[in-house]
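Take a look at the structure set out below.
Here, residue 1 is the first one in the sequence, and each next residue gets the next number. Fair warning: this is a prediction, and the values are worked out from it, not measured in the lab.
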Amino acid sequence: MTAHTAVTDRIQKALAATGLPPLSWFEVLGAVKRSPNGRPRMSELAEWLRLSRGGITKLVDRLEQAGYIERVSCSQDRRSLHAKLTPTGERMLEEMQAAYTAEVERHLGTLGAEEAKLITAALEKVTGSTCAEASVRRAQAG
């Protein structure tokens with residue numbers, strides 16, 4: 001967690017130094033871009049980014065005001081709104097991606113190939129255990 005916080009702080013500072021929006025905006029723009037159809041529901045964004053529904057609403061409001069995202073109605077459920085990148089949002093995501101990648105490579109590049117493989121395997125194992133744990137809880141609740 002300390003390493004994550006340190007690298008995240010460096011990424012935030014690098015984005016700010018180049019006049020780019022904060023890392024939280026990059027995370028939302030990237031999640032929208034990576035979604036299967038490019039139009040995730042607000043609830044999906046909140047879940048993926050581990051934010052409350054209120055938190056994602058406020059963040060998407062800011063991104064929409066900046067012209068990076070637009071909300072679109074769902075054709076199957078008019079009560080549901082989806083987020084969609086605007087062309088301006090696409091360009092901003094590309095700009096932010098370059099700064100993000102440079103900073104991540106700067107810090108993770110300090111690892112040797114074997115160290116990187118070991119850390120990747122260990123983190124995948126931890127992530128897998130949280131997924132398995134969540135599945136067990138859902139099964140027990142259902």
message = Filter on salt bridge (charged side-chain N to carboxylate O under 4.0 Å, His left out), then keep only pairs touching residues 53-68, sequence neighbours left out; what's left?
response = D61-R71, E64-R71
ask   = Taking only residues two or more places apart in sequence, or in another chain, which ones meet Q12 in a side chain to side chain contact (heavy atoms under 4.5 Å, CB included)?
value = P22, L23
note = Sequence neighbours excluded, the answer for side chain to side chain contact (heavy atoms under 4.5 Å, CB included) partners of T18 is L20
ask   = Are V72 and V60 in one and the same hydrophobic cluster, where Ile, Leu, Val, Met, Phe, Trp and Tyr link if side-chain heavy atoms are under 4.5 Å apart?
value = no
Report the residues that fulfil salt bridge (Lys or Arg N to Asp or Glu O under 4.0 Å) with [X], sequence neighbours left out, ordered by chain and then residue number.
X	answer
E94	none
E103	R106
E114	K117
E70	K84

message = Minimum heavy-atom separation for P40 and S35, please, with both atom names.
response = CD-OG, 3.3 Å
note = Tightest non-hydrogen contact, residues M92 and P21, listed as SD-CD, 3.5 Å
Calculate, to the nearest 0.5 Å, the distance between atoms [atom1] and [atom2] belonging to [X] and [Y] respectively.
X	Y	atom1	atom2	answer
T88	I69	OG1	CD1	12.0 Å
I56	S43	CD1	OG	10.0 Å
T8	Y100	OG1	OH	7.5 Å
L63	Y68	CG	OH	8.5 Å

Residues in side chain to side chain donor-acceptor pair (under 3.5 Å) contact with T86, at least two apart in sequence or another chain = none
message = Test of understanding: with side chain to side chain donor-acceptor pair (under 3.5 Å), list the residues that count as partners of E47, not counting sequence neighbours.
response = none
message = side-chain contact (heavy atoms from CB on, under 4.5 Å), that's the test. Do L15 and M96 meet it? Break it down for me.
response = CA-CA 7 Å; L15 291 170; M96 294 180 85; 4.1 Å; yes
Report, one line per pair, each donor and acceptor closer than 3.5 Å where one atom sits in a side chain of residues 24-33; sequence neighbours left out.
residue, atom, partner, partner atom, Å
K33, NZ, E90, OE1, 2.8

Side-chain atoms of residues 118-126: list all donor-acceptor pairs with protein atoms under 3.5 Å, sequence neighbours left out, distances to 0.1 Å.
residue, atom, partner, partner atom, Å
T120, OG1, A116, O, 2.7

